[in-house]
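Here the structure is laid out as structure tokens; the discussion comes afterwards.
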Amino acid sequence: TPPSSRSPSNGSSRTLSTREMYLFDTGGQYLDGTTDITRTVHWGEPTRLQKEAYTRVLMGNIDLSRLVFPASTAGRTVESFARRALWDVGLNYGHGTGHGIGNFLSVHEWPVGFQSNNVPLEAGMFTSIEPGYYQDGEFGIRIEDVALVVEAQTEKPFLTFEVVSLVPYDRNLIDLSLLSPEQVQGCAQGGEQSRDARSAPGLRGAWLQIHYLNSYYERIRAHLGPELRRQRLEEAQAWLQESTEP
């Protein structure tokens, strides 16, 4: 069969450089499920705008992923949580925030998702969470994870998400000053400063984002570390260790 119009060729391919961002949307079909994961990386020195945009996209991903919401809530009702950090500085993205994930289907499986024509979210549904930002002609950012809708640990029937994608984010693109203001730096030290920082408006969210990231990285190590050691993939294990440092 002839190659797809999207297939790389000598005429359309070019060498990647360390002076630009690289967005790769990956996935596969397996006997026990389908994956759809997007990561954005920069192998050199990102600009200030690139780091801020990436960090705000990550903040949106985290804010929606750790959200607790009533059962039978429509996805469109909570979708703006993924955009809020971008909206704070007048940025946005022009695509949907997520879609249902099928098994040996078309990956984008209706009717689950965050658009107005999607059904309410229920425990057991799989959806992607994928905020992004795109600077025309310069760079693009998207961070996409697959998440399972699960019951939250609350008295009344509420729901939340459990991210099942286990791929580190690019530390080179994270601006810690956005995630962790100076007042929050004492959170790891305990004491009154820590308690005050965690409860201050706006700062508690930053502390929770950092806590979420560290917990996510611990989960990645726990699940993938033993398998990499079993397969004796020492280089991959060293990369995973470095990429998931607190």
Side-chain angles (χ1 to χ4, degrees), residues 23 25-27 33-40 52-102 105-136 139-154 156-165 167 169 173-174 178-179 201-202 204-206 208-213 215-216:
L23 185 158
D25 190 339
T26 70
T34 297
T35 65
D36 191 8
I37 304 169
T38 303
R39 290 294 183 264
T40 306
E52 176 170 1
Y54 179 93
T55 304
R56 291 186 179 279
V57 170
L58 178 60
M59 292 163 69
N61 181 292
I62 293 173
D63 286 345
L64 182 54
S65 296
R66 65 179 180 83
L67 185 68
V68 177
F69 52 92
S72 298
T73 294
R76 68 180 182 275
T77 304
V78 299
E79 191 258 4
S80 61
F81 281 85
R83 300 177 185 266
R84 184 173 56 181
L86 288 166
W87 286 355
D88 282 345
V89 291
L91 302 179
N92 202 4
Y93 54 92
H95 59 73
T97 295
H99 56 81
I101 304 291
L105 295 176
S106 60
V107 184
H108 288 219
E109 184 180 75
W110 193 83
V112 179
F114 298 97
Q115 307 218 18
S116 59
N117 63 342
N118 292 139
V119 298
L121 295 167
E122 298 289 351
M125 292 179 172
F126 281 96
T127 181
S128 67
I129 294 177
E130 50 181 298
Y133 175 73
Y134 309 89
Q135 188 81 358
D136 287 347
F139 63 88
I141 299 166
R142 188 162 72 251
I143 300 175
E144 177 184 20
D145 290 308
V146 177
L148 172 64
V149 182
V150 297
E151 293 182 358
Q153 300 301 309
T154 54
K156 295 184 178 180
F158 274 62
L159 300 173
T160 188
F161 296 104
E162 177 186 342
V163 172
V164 297
S165 305
V167 183
Y169 308 116
L173 282 166
I174 299 176
L178 295 176
L179 283 176
R204 184 172 181 273
L208 287 172
Q209 289 165 349
I210 295 173
H211 177 72
Y212 175 94
L213 270 180
S215 298
Y216 179 60

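FYI, side chains are in, hydrogens and waters are out, and symmetry mates aren't considered; it's all heavy atoms of this structure.
To the nearest 0.5 angstrom, Leu58 atom CG is 9.5 Å from Asp63 atom CG. Atom CG of Leu159 is separated from atom CG of Leu148 by 10.5 Å, given to the nearest 0.5 angstrom. The OH atom of Tyr216 lies 15.5 Å from the CD atom of Gln209; values are rounded to the nearest 0.5 Å. Interatomic distance, Met59 CE to Ile143 CD1, rounded to the nearest 0.5 Å: 11.5 Å. Rounded to the nearest 0.5 angstrom, Glu52 CD and Leu86 CG are separated by 9.0 Å. If you take CD on Glu144 and OG1 on Thr26, they are separated by 8.0 Å, rounding to the nearest 0.5 Å.
Of the possible donor and acceptor atoms, none in the side chain of Tyr169 sits under 3.5 Å from a partner among the backbone N and O of Arg39. Put simply, the side chain of Thr160 gets close to the backbone of Leu67: a donor and an acceptor are under 3.5 Å apart. Side-chain N or O atoms of Asn118 include one that pairs as donor or acceptor with a backbone N or O of Pro111 at under 3.5 Å.
In this view, Glu122 and Ser72 satisfy the side-chain hydrogen bond (donor to acceptor under 3.5 Å, both in side chains) rule, not counting sequence neighbours. With sequence neighbours left out, Tyr133 forms a side-chain hydrogen bond (donor to acceptor under 3.5 Å, both in side chains) with Gln135. Residues meeting the side-chain contact (heavy atoms from CB on, under 4.5 Å) test with Ser80, sequence neighbours left out: Trp87. In terms of the salt bridge (Lys or Arg N to Asp or Glu O under 4.0 Å) criterion, residue partners of Glu130 (sequence neighbours excluded) are, by chain and number, Arg142. For Arg83, the salt bridge (Lys or Arg N to Asp or Glu O under 4.0 Å) partners are Glu79, not counting sequence neighbours.
Here the closest heavy-atom approach between residue Pro131 and residue Gly60 is recorded as CG-C, 4.2 Å. Nearest heavy atom pair, residue Ile101 against residue Ser128, reads CG1-N, 4.0 Å. Here the closest heavy-atom approach between residue Gly98 and residue Thr127 is recorded as C-OG1, 4.1 Å. Of all non-hydrogen atoms in Leu64 and Ala82, the two that sit nearest each other are CD2-CB, 3.9 Å. Listed here is the closest heavy atom pair of Ser65 and Val163: OG-CG2, 3.7 Å.
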### Message
Assess the residue pair Thr35 and Ser165 against the criterion (side chain to side chain contact (heavy atoms under 4.5 Å, CB included)); give the C-alpha distance rounded to whole Å, side-chain angles, the decisive distance to 0.1 Å, and a yes or no.
### Response
CA-CA 8 Å; Thr35 65; Ser165 305; over 6 Å; no
### Task
Could you walk me through whether Phe161 and Leu121 pass the side chain to side chain contact (heavy atoms under 4.5 Å, CB included) test, one step at a time?
CA-CA 10 Å; Phe161 296 104; Leu121 295 167; 4.0 Å; yes
### Message
Pair Thr55, Leu173 - check side chain to side chain contact (heavy atoms under 4.5 Å, CB included), show working.
### Response
CA-CA 7 Å; Thr55 304; Leu173 282 166; over 6 Å; no
### Query
Are Val78 and Phe114 close enough, and set up right, to give a side chain to side chain contact (heavy atoms under 4.5 Å, CB included), and what steps lead you there?
CA-CA 8 Å; Val78 299; Phe114 298 97; 4.0 Å; yes
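Side-chain contact check for Leu23 versus Thr40: some heavy-atom pair is nearer than 4.5 Å. Using a 4.5 Å heavy-atom threshold, the side chains of Arg56 and Asp88 count as touching. The shortest distance between side-chain heavy atoms of Asp25 and Asp36 falls below 4.5 Å. Within the 4.5 Å cutoff, no side-chain heavy atoms of Phe158 are placed close to those of Thr73.
For NE2 of His95, the number of neighbouring non-hydrogen atoms (other residues, nucleotides, ligands) closer than 6.0 Å is greater than 12.
Applying the side-chain hydrogen bond (donor to acceptor under 3.5 Å, both in side chains) test to pairs two or more places apart or on separate chains, those with a residue in residues 107-117 are His99-His108.
Under 3.5 Å, the side chains of Asn61 and Tyr212 contain no donor-acceptor pair of N or O atoms.
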